[in-house]
Amino acid sequence: MNKMVIRINHQEVVSFLLTLLTVWMSRTVFFGIVNQRITWLVYCGCILAALFLVRIPVIRFKNIMTKLLVPLALFLINIILYFSEMSSSSINAVLGYIVMMLCGAMTAVLVKSESFAKYYIRIIAVYCLISLPCILIANINESLAYTLCQSGYDWKTQYGYSPFYTWGMNGTISLRNSGPFWEPGAFQGYIWIAVLFLLFDVDAKCTKHRKTIFALFIITLLTTQSTTGYVLLVLAFMLFNGRILRLLEIRNMNTKVMIGVLILLIGLVFLSTSTVIANKIGNENNVSAQMRRADILTGGLLALKAGPFGLGETVTRNSLRMSMGLYKDDSAGLIQITYTFGWLMGLYYITSLCGIAKKLFNADTRNERIGIAILLIILHLTEGLWSLPLFWVLMFEHCERNTA
């Protein structure tokens, strides 16, 4: 009898696991916050194991390591300059940022952009499928939602969660869709990255049922009731309309008009029924809107004081934030990294972010490149994303796009 031989494609296994762990460590509540230490150890362990299992392209490794030197040097200079003013927890925080950046860089070395995009699209699609019945339960059966949270969830507990969905915060059940992440605004950002991967064929069209998955992403996006998500939806349909129509295989002008009207109507329905968005737009006293404005405007003033190497993770920075009325949980990540680590770091990050449009997404036209850059910048001005491994992977992935 012939024995059946099962051959394992190590590259595909490594690509899937590292993409999944990158998503998990990018602040999913169960894996990236509650069980962060275990997930981080598994992440690092997988990277170390992968070094022995897959071939590492020398050119890609050199390109990524060269690009890594700039932010690494800026982080280290920041520690050296402010070491005497930093507590042990502050030093650990900066070292944590460095470790996450290194994990992102090594993931980019070990996983080709096509494979990363392919698995990322699938992972986010699965999370979208899980989230839709969960958000339905949250809206129609609150008592059932509570039973699906971890035991002991009350007002003293920051998050109500299960392994693959975040149900609420501080003892409440949220009526907005956070997926597995810490808030709805974050989930919509991760969905947008998957949408861009689809529209710009970063996965080399390896993903099947592209129209269905695109529709799933848009429907899930609407359930987040995120103001940023809705604004980006309008921008995307304006700036990427050609790619969207090609993906949906729509060529007839009447059909194009009907689709446009339908999307507009759906958007208006969600806008009119969403108290969250109505409060942010129409209520000057809305706390969330006030925090966002302070994060950008006051944070911008603080960034002007930062100098080339920033204020550091120091008491001085924290007292300045307090005196200027800036909230501790600063959501404007692009500004936060600038006033903490300096103008040079901010310039490096925003330049690299804009470079993704051409070098990773291979955008054809100037308008598309501008559109991607605007989308990524808006996401980074509404969430603190710069410290998460996913966005370091995106920054470094383009180093190999045309050289692999």
Side-chain angles (χ1 to χ4, degrees), residues 5-28 31-32 38-65 67-68 99-130 163-164 179-181 190-210 213-214 216-217 356 359-362 388-404:
V5 178
I6 299 175
R7 292 181 178 175
I8 298 173
N9 187 326
H10 291 130
Q11 182 64 65
E12 288 301 307
V13 172
V14 164
S15 296
F16 169 72
L17 286 176
L18 290 184
T19 305
L20 179 62
L21 287 162
T22 298
V23 173
W24 280 357
M25 278 304 294
S26 295
R27 291 199 76 193
T28 57
F31 295 101
I38 295 172
T39 309
W40 177 77
L41 289 173
V42 173
Y43 192 14
C44 292
C46 283
I47 288 173
L48 288 173
L51 293 174
F52 298 97
L53 291 173
V54 300
R55 185 182 66 84
I56 300 175
V58 176
I59 295 176
R60 184 158 82 231
F61 179 79
K62 287 182 177 178
N63 287 343
I64 291 173
M65 289 302 106
K67 186 172 175 62
L68 173 70
V99 169
M100 286 298 101
M101 180 181 68
L102 291 172
C103 286
M106 289 311 301
T107 299
V109 167
L110 293 161
V111 183
K112 290 182 178 180
S113 53
E114 292 84 356
S115 296
F116 187 87
K118 175 179 70 175
Y119 288 118
Y120 182 86
I121 289 168
R122 294 176 186 182
I123 290 164
I124 297 300
V126 169
Y127 274 129
C128 288
L129 284 171
I130 293 170
F164 300 103
F181 299 99
Y190 289 92
I191 292 172
W192 273 117
I193 299 301
V195 169
L196 289 178
F197 281 157
L198 265 183
L199 290 179
F200 289 87
D201 301 325
V202 182
D203 64 328
K205 296 191 175 180
C206 290
T207 307
K208 297 179 180 178
H209 312 294
R210 301 175 80 79
I213 291 174
F214 178 76
L216 172 66
F217 287 155
I356 290 173
K359 296 178 182 178
L360 175 63
F361 291 102
N362 275 348
L388 305 178
L390 172 63
F391 292 89
W392 287 112
V393 171
L394 297 182
M395 300 268 263
F396 295 127
E397 274 288 3
H398 73 65
C399 292
E400 60 87 26
R401 179 74 166 161
N402 298 315
T403 59

Begin from the C-alpha positions of Phe361 and Ile356 and carry the test side-chain contact (heavy atoms from CB on, under 4.5 Å) through to its verdict.
-> CA-CA 7 Å; Phe361 291 102; Ile356 290 173; 3.2 Å; yes
Knowing that exactly one of Gln11, Arg60, Lys118 qualifies, which makes a side-chain contact (heavy atoms from CB on, under 4.5 Å) with Lys112?
-> Arg60
What are the two closest non-hydrogen atoms of Phe396 and Ala105, and how far apart are they?
-> CD1-CA, 3.5 Å
Do the ring centers of Tyr190 and Tyr120 come within less than 6.0 Å of each other?
-> no
Value for OG1 (Thr19) from CD1 (Ile124), rounded to nearest 0.5 Å, stands at 10.5 Å
pair Leu102-Leu68: side-chain heavy atoms closer than 4.5 Å = yes
What is the minimum heavy-atom distance between Phe164 and Ile130, and which atoms define it?
-> O-CG2, 4.0 Å
Evaluate the side-chain proximity of Phe181 to Val23: yes if any heavy-atom separation is below 4.5 Å, no if none is.
-> yes
Work out which heavy atom in Leu198 is nearest to a heavy atom in Phe217; give both atom names and the distance.
-> CD1-CE1, 3.7 Å
Take atom CG in Leu41; do more than 12 heavy atoms of anything else shown fall under 6.0 Å from it?
-> yes
If every non-hydrogen atom of Met106 is compared with every non-hydrogen atom of Met65, which pair is closest and at what distance?
-> SD-CE, 4.1 Å
Show your working on side-chain contact (heavy atoms from CB on, under 4.5 Å) between Phe116 and Thr22 and close with a plain yes or no.
-> CA-CA 10 Å; Phe116 187 87; Thr22 298; 4.3 Å; yes
For Leu20, which residues count as a side-chain contact (heavy atoms from CB on, under 4.5 Å) partner, sequence neighbours excluded?
-> Phe16, Trp24, Ile123
How long is the span from the CG atom in Leu390 to the CD atom in Glu397, to the nearest 0.5 Å?
-> 10.0 Å
The single option from Arg122, Arg210, Glu114 passing side-chain contact (heavy atoms from CB on, under 4.5 Å) against Asp203 = Arg210
Distance-only side-chain donor-acceptor flag, Thr107 / Tyr43, under 3.5 Å = yes
Atom of Ser113, atom of Leu360 and distance for their closest heavy-atom approach = CB-CD1, 3.8 Å
Hey, could you give me the CG/CG distance between Asp201 and Leu196, rounded to the nearest 0.5 Å?
-> 12.0 Å
Indicate the atoms forming the closest heavy-atom contact of Leu110 with Val54, along with that distance.
-> CD2-CG2, 3.6 Å
What's the verdict on side-chain contact (heavy atoms from CB on, under 4.5 Å) for Met25 and Leu388, showing C-alpha distance, side-chain angles and the deciding distance?
-> CA-CA 7 Å; Met25 278 304 294; Leu388 305 178; over 6 Å; no
CZ (Phe31) and CG (Leu21) are apart, to the nearest 0.5 Å, by 9.0 Å
